Amino acid sequence: GQQVMQIPQYQHVQEGEDFTTYCNSSTTLSNIQWYKQRPGGHPVFLIQLVKSGEVKKQKRLTFQFGEAKKNSSLHITATQTTDVGTYFCAGPGGGGSNYKLTFGKGTLLTVNP
Amino acid sequence: GAGVSQTPSNKVTEKGKYVELRCDPISGHTALYWYRQSLGQGPEFLIYFQGTGAADDSGLPNDRFFAVRPEGSVSTLKIQRTERGDSAVYLCASSLASRAGRTDTQYFGPGTRLTVL
């Protein structure tokens, strides 16, 4: 079945440093979504990318969708302590469904103030 | 407006017992999803409802798991003869609809942490 892989599994940075997490799917995706989960919290939707090669920015966060629509990345510039949490990518799929999201294992970001 | 709510927030039960987990979706959302999240893992799809019917229950691990949504709003996930391996956070999400060719944004609830002793 469809697999979504994320690296790294953990990342610890000093406040102010940049951070990047990478996501790879075993199948071509119609879109990719990113979620953030704070410690003890629930996944919160960040963004959805649909087009091949798409780049979207949200303040210090930059999201990219690969040309082949099988990989994606999230880059955070100048991390802050409020960025702490686990970042998940998720892609729809599995039998051609648009609704069944397959999540990666996530990248846990910790920030040292 | 109010988000997705789930009750209870925590549930501790003994092996072999029956449990029910409740989800109240965002008002007006016709699509509802259940996921299970184990420690260190991403959410894992269990079941999807469009309205009252379970459109896709392919993620339910076995026949001990069952979910209903009788009036197209509140949903209950039911687990019979619980096992220690069922311990996890059970997340509910809702979206406006699931339309062909689109993946609507899924809004997650706070989850129910189930512990089976």
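Because the structure is predicted, anything quoted here is derived from the model rather than measured.
No chain of hydrophobic side-chain contacts below 4.5 Å, direct or via other Ile, Leu, Val, Met, Phe, Trp or Tyr residues, connects A/Leu49 to A/Val4. Hydrophobic clustering (ILVMFWY, side-chain heavy atoms < 4.5 Å, transitive): B/Tyr90 and B/Phe49 are in one cluster. B/Leu32 and B/Leu60 end up in the same hydrophobic cluster when Ile, Leu, Val, Met, Phe, Trp and Tyr side chains are linked at under 4.5 Å.
More than 12 heavy atoms of other residues, nucleotides or ligands sit less than 6.0 Å from atom CD of A/Gln14. Within 6.0 Å of atom OH in A/Tyr22, 12 or fewer heavy atoms from other residues, nucleotides or ligands are found, so the atom counts as exposed in its surroundings. In A/Arg38, the CZ atom is not crowded: 12 or fewer heavy atoms of neighbouring residues, nucleotides or ligands sit closer than 6.0 Å. When the shell of 6.0 Å around CG of B/Leu39 is examined, it contains 12 or fewer heavy atoms from other residues, nucleotides or ligands.
Note on ring orientation: taking the six-membered ring where Trp is involved, the planes of A/Tyr99 and B/Phe45 are tilted (angle from 30° to 60°).
Contacts of A/Gln37 with chain B are made by side-chain atoms alone, with heavy-atom separations under 4.5 Å and no backbone atom involved.
In summary, the aromatic rings of A/Tyr35 and B/Phe108 are positioned with their centroids under 6.0 Å apart.
Listed here is the closest heavy atom pair of A/Lys100 and B/Asp56: CE-OD2, 3.2 Å. Residues A/His42 and B/Gly109 come closest through the heavy atom pair CB-O, 3.0 Å.
Comparing B/Ser58, B/Pro110, B/Ala93 by heavy-atom pairs within less than 4.5 Å of chain A, the highest count is held by B/Pro110. Between chain A and the residues B/Gly59, B/Ala55, B/Pro43, the largest count of heavy-atom pairs under 4.5 Å involves B/Pro43.
Contact of the B/Gln106 side chain with the A/Pro43 side chain is not registered, since no non-hydrogen atoms from C-beta on lie closer than 4.5 Å. Looking at heavy atoms from C-beta onward, A/Leu101 lies in side-chain contact with B/Tyr35 at the 4.5 angstrom threshold.
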Run the side chain to side chain contact (heavy atoms under 4.5 Å, CB included) test on A/Phe88 and B/Gln41 for me, step by step, so that the C-alpha distance in whole Å, both residues' side-chain angles and the decisive distance to 0.1 Å come before the verdict. CA-CA 10 Å; A/Phe88 292 99; B/Gln41 304 292 318; over 6 Å; no
